[in-house]
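Written out below as C-alpha cells is the structure these notes cover.
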Amino acid sequence: VRAKTQIQSVPISQLSRLADFCRESIIPTKKMDVKYRDSIVNILQSLALTEVTSDAEDVKKANTKSKAKPKSGKQRKIGKDGLYPAEEEFIVSWWNGRRLRDSDVPTAESRSSEMRTAVADLRTRETEMQIILVLEALALEAAEKAMVKDQAPRPLIKDEPSAQGQ
C-alpha cells in the first residue's frame with residue numbers, strides 16, 4: 001500500500017533512476033564476504049586499546065565536528081576491500097561508540113569476543129538491508145512496467161458483424 005500510493009505520483013523517468021540506484025547499491029556477495037571477513041576485522045584489530053574515557057572524549061569530539069562534504073552527482077564506487085571510500089571512518093566511530101557502553105575495561109579475550117559478536121550483528125543488519133534493496137528495486141521495476149503499460153495507447157476494437165446473423 002505504501003509503495004503504491006507513493007509511486008503513483010512519481011514520473012516514470014524517476015522510477016527508472018530510483019530502481020537503477022537501488023540495483024547499483026546492492027553489494028555483491030563476494031565483496032560482502034571480504035568486507036566482513038577481512039576489512040572490518042582488520043580495522044577493528046588495528047585500533048589501539050585505550051582507556052574508555054579517552055575514547056569517550058574522542059567520540060564526543062568527532063560527533064561535535066560537522067563534516068560538511070560537498071555531494072557529487074555520481075555514486076561512489078565500492079573498493080576491492082568491500083568498503084566505500086569513507087566507510088572506514090564510520091566503522092571506527094561505530095566501534096568507539098559501542099565501546100562506550102561497556103563499564104569494564106576490556107581484556108584482549110573479551111574484546112575479541114565482543115568484536116566477533118558485533119561484526120556478526122552488523123553483517124546480519126547489512127544483509128537485511130541488501131534484501132530490502134533487492135525487493136525495492138523489484139517493486140520499482142514492476143511499478144514502472146505497469147505505468148508504461150497503463151500509458152500505452154490501446155488499440156481500437158472494431159465491432160465486427162457476427163457470423164451467426166448472416
Side-chain angles (χ1 to χ4, degrees), residues 1-47 55 59 62-102 111-160:
V1 173
R2 169 193 62 86
K4 185 177 180 181
T5 57
Q6 290 181 353
I7 287 177
Q8 289 176 348
S9 63
V10 177
I12 293 175
S13 63
Q14 287 183 352
L15 280 180
S16 178
R17 285 188 288 158
L18 188 55
D20 290 343
F21 176 77
C22 287
R23 287 262 180 221
E24 291 170 2
S25 298
I26 297 169
I27 301 173
T29 54
K30 287 185 179 184
K31 293 225 180 184
M32 258 182 86
D33 274 347
V34 170
K35 178 179 182 175
Y36 286 97
R37 187 175 16 96
D38 299 331
S39 302
I40 292 179
V41 172
N42 291 340
I43 291 168
L44 297 180
Q45 287 175 347
S46 70
L47 292 175
D55 286 341
V59 170
N63 288 340
T64 56
K65 292 180 184 177
S66 64
K67 298 178 182 178
K69 296 181 181 178
K71 293 185 179 183
S72 63
K74 63 179 184 175
Q75 182 181 2
R76 293 181 174 94
K77 298 289 183 187
I78 193 166
K80 290 181 181 179
D81 58 355
L83 299 173
Y84 284 100
E87 196 170 5
E88 185 173 344
E89 297 170 17
F90 292 112
I91 293 168
V92 170
S93 66
W94 163 75
W95 181 253
N96 287 337
R98 187 171 174 79
R99 288 198 330 210
L100 283 176
R101 291 183 244 148
D102 294 341
R111 184 172 189 256
S112 174
S113 172
E114 180 187 1
M115 183 177 65
R116 281 192 303 273
T117 304
V119 170
D121 290 346
L122 188 62
R123 185 176 189 149
T124 301
R125 286 193 301 271
E126 184 153 2
T127 302
E128 291 169 350
M129 186 214 41
Q130 293 293 313
I131 292 169
I132 291 170
L133 278 171
V134 169
L135 294 173
E136 283 291 328
L138 291 173
L140 288 167
E141 289 167 355
E144 180 183 4
K145 287 178 185 175
M147 289 176 78
V148 168
K149 186 178 177 182
D150 288 344
Q151 291 179 356
R154 297 207 169 115
L156 297 174
I157 301 174
K158 293 182 179 180
D159 289 330
E160 294 182 20

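Everything quoted here is computed from the prediction, not taken from an experiment. Side chains are part of it too, since the values below use all heavy atoms of this structure and drop only hydrogens, waters and symmetry mates.
Contact between Ser46 and Ile43 at its shortest, heavy atoms only, is OG-O, 2.7 Å. Taking each heavy atom of Glu144 and Ser16 in turn, the nearest pair found is OE2-CB, 3.4 Å. Annotation for Asp81 and Val34: closest pair O-CG1, 3.7 Å, computed over non-hydrogen atoms. Residues Glu136 and Cys22 approach most closely at CB-SG, 4.2 Å, considering heavy atoms. Across every non-hydrogen atom of Met115 and Trp95, the tightest pair is CA-CH2, 3.6 Å. Here the closest non-hydrogen pair linking Ser25 and Tyr84 is O-OH, 4.0 Å.
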Residues Glu126, Ile27; criterion side-chain contact (heavy atoms from CB on, under 4.5 Å); working and verdict: CA-CA 10 Å; Glu126 184 153 2; Ile27 301 173; 2.9 Å; yes
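Between the CE atom of Met129 and the CD1 atom of Ile26 there is a distance of 9.5 Å, given to the nearest 0.5 Å. Residue Leu47 holds its CG atom at 6.0 Å from CG of Asn96, rounded to the nearest 0.5 Å.
Surrounding CD of Glu141 are more than 12 heavy atoms belonging to other residues, nucleotides or ligands, all under 6.0 Å away.
When side chains are defined from C-beta on, Ile91 does not count as touching Leu122, because their heavy atoms never get closer than 4.5 Å.
Residues Thr127 and Arg123 have side chains that never bring a donor and an acceptor to within less than 3.5 angstrom of each other.
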